[in-house]
Colleague: 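What follows is a structure written as structure tokens; I'll ask about it next.
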Protein chains: 2
Amino acid sequence: MKENCTIYNTIDIISKKWTLLIILSIHKGTNNTKRYSEIKKDMSGITSKILSLRLKELEKEGVINRKIDDIKIPIKVYYSLTDSGKDLLKIIQDIKIWGLKWKKQSKLTTRICNRTICKDCNI
Amino acid sequence: MKENCTIYNTIDIISKKWTLLIILSIHKGTNNTKRYSEIKKDMSGITSKILSLRLKELEKEGVINRKIDDIKIPIKVYYSLTDSGKDLLKIIQDIKIWGLKWKKQSKLTTRICNRTICKDCNI
DNA sequence: CAGGATCCAAAAGGATACTG
DNA sequence: CAGTATCCTTTTGGATCCTG
């Protein structure tokens, strides 16, 4: 089952901690692009190790692109969503909608993101 | 971020190992209902500990219902999807579609579920 | 700036055995 | 049948320090 099930395998890709939030963060950037340090600033609590790990995984999975500008120091690295990455935004939004619909009451504060366009998530 | 983000929290609920597959398995049952042992039989590889753990989590989250029939021994326990559980099926299907669209080529055997209605997943 | 390296803590999951 | 209990392994994530 594990080896052959599309859902099982796909869940494996997208369900890791921070992953979907990272995709959202990149999506928020101008032209779907954001730099490493900007993403890190968005994710309060993430460490550089985990962030670079996730970014590597996502790049390997073809969900994001990595573009390095090392013409001048300090170098800058830009991450952007690929087409498949952009395709994930719909799923992320559906997950959000499900959460708002069914989970809003359970762990709630007024600070939770509950607008159609979320202030925190921008989705 | 962790505390207030709907997506972050919702991901936490649905991304655990086996969770979505369990939901699918229950969905496959007659009237969206399935017994513990039947679910276990569906998930090749899962242990009873993990299965009962997931079922408890999902019940607590209001995604599934648990109905016990202990009139005669051996007792039987029936699990079914709640409305919020049924609502997740759409998301699961979208995840599958995403996986089939973007991941089919990457780790592929012909045995992967790739029909509109999957033989393994029934979704 | 964008990470890599190292070490460590915690969590998650699996194997096995047992029970009302 | 539907789980528990116990023990153990693996995975994951975090803290801290370092570097081209």
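Throughout, a chain's letter reflects where its sequence line sits, starting with A, and its residues are numbered from 1. Just so it is clear, the model here is predicted, and its values are computed rather than measured.
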Colleague: To the nearest Å, give me how far apart CD (B:E57) and C1' (D:dG3) are.
Modeller: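 Atom-to-atom, B:E57 to D:dG3, this comes out as 15 Å.
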Colleague: Considering only side-chain heavy atoms of B:K56, which listed nucleotide, D:dT4, C:dG14, D:dA2, is closest?
Modeller: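 Closest nucleotide among those given: D:dT4.
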Colleague: In this structure, how many angstroms lie between the P atom of D:dG3 and the CD1 atom of B:I68, rounded?
Modeller: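 Those two atoms, CD1 and P, are 7 Å apart.
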Colleague: Select one nucleotide: of C:dA15, D:dG14, D:dA2, the one nearest the side-chain heavy atoms of A:T47.
Modeller: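 Among the listed nucleotides, the one closest to the side chain of A:T47 is D:dG14.
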Colleague: So B:Y79, base contact, sugar-phosphate only, or nothing? Heavy-atom distance under 4.0 Å.
Modeller: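 Sugar-phosphate only.
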Colleague: Rounded to the Å, how far apart are A:R66 CZ and C:dG4 C1'?
Modeller: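 Taking CZ of A:R66 and C1' of C:dG4, I get 12 Å after rounding.
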Colleague: Roughly, in whole Å, what's the span from CD1 in B:I39 to P in D:dC1?
Modeller: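 To the nearest whole Å, that distance equals 14 Å.
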Colleague: By side-chain hydrogen bond (donor to acceptor under 3.5 Å, both in side chains), which residues pair with A:D87, not counting sequence neighbours?
Modeller: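 Counting only residues at least two positions away or on another chain, A:D87 forms a side-chain hydrogen bond (donor to acceptor under 3.5 Å, both in side chains) with A:K90, B:K101, B:W102.
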Colleague: Separation of A:D70 atom CG from C:dG3 atom C1', in whole Å?
Modeller: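 Taking atom C1' of C:dG3 as the reference, CG of A:D70 is at 14 Å.
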Colleague: Whether the A:R66 and A:Y79 side chains hold a donor-acceptor pair (N or O, under 3.5 Å, no angle test) is what I'd like checked.
Modeller: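 Judged by distance alone, the side chains do pair up.
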Colleague: Side chain of A:K49 only, please: which of C:dG3, D:dA2, C:dA5 is the nearest?
Modeller: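 Of the candidates, C:dA5 comes closest.
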Colleague: Within the 4.0 Å heavy-atom criterion, would you say B:K72 contacts the bases, only the backbone, or no part of the nucleic acid?
Modeller: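 The residue B:K72 makes no contact with any strand.
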Colleague: Given D:dA2, C:dA17, C:dG3, identify the nucleotide with an atom nearest to the side chain of B:I75.
Modeller: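 Selected nucleotide: D:dA2.
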Colleague: Is there a side-chain contact between A:Y8 and B:W18 (heavy atoms, below 4.5 Å)?
Modeller: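 Side-chain contact under 4.5 Å: yes.
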Colleague: Separation of A:L51 atom CG from C:dC1 atom P, in whole Å?
Modeller: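 After rounding, the reported distance stands at 14 Å.
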Colleague: In terms of side-chain heavy atoms of A:S52, which of C:dG3, D:dC1, D:dG14 is nearest?
Modeller: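 The answer is C:dG3, which lies nearest to the side chain.
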Colleague: Rounded to the nearest angstrom, tell me the gap between atom CD1 in A:I26 and atom P in C:dA2.
Modeller: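 Going from CD1 in A:I26 over to P in C:dA2 covers 13 Å.
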Colleague: To the nearest 0.5 Å, what is the distance between CD1 on A:I92 and CD1 on B:I11?
Modeller: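 Answer rounded to 0.5 Å: 7.5 Å.
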Colleague: Quick check for you: among C:dA17, C:dG3, C:dA12, whose closest atom lies nearest to any side-chain atom of B:K16?
Modeller: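 When the side chain of B:K16 is considered, C:dA12 is the closest of C:dA17, C:dG3, C:dA12.
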Colleague: Could you tell me the separation between the CD1 atom of A:I50 and the P atom of D:dT11, rounded to a whole number of Å?
Modeller: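 In whole Å, D:dT11 P lies 15 Å from A:I50 CD1.
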Colleague: Please determine which of A:N65, A:V63, A:L81 meets the side-chain contact (heavy atoms from CB on, under 4.5 Å) test together with A:L58.
Modeller: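 Output: one option passes, namely A:V63.
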Colleague: Using a 4.0 Å cut-off on heavy atoms, which residues in residues 29-38 of chain B reach DNA chain D? List them by number, or say none.
Modeller: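 By residue number: B:R35, B:Y36, B:S37.
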Colleague: Start at the 5' end of DNA chain D and walk down; is the nucleotide closest to B:S48 or to B:P74 reached first?
Modeller: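 Of the two residues, B:P74 wins.
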Colleague: For residues A:I13 and B:K103, report the shortest heavy-atom separation together with the two atoms involved.
Modeller: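 So the two residues come closest at CD1-CD, 3.6 Å.
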Colleague: Checking A:S84 side chain against A:T82 main chain: does a donor-acceptor pair fall under 3.5 Å?
Modeller: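 No: the side chain of A:S84 does not pair with the backbone of A:T82.
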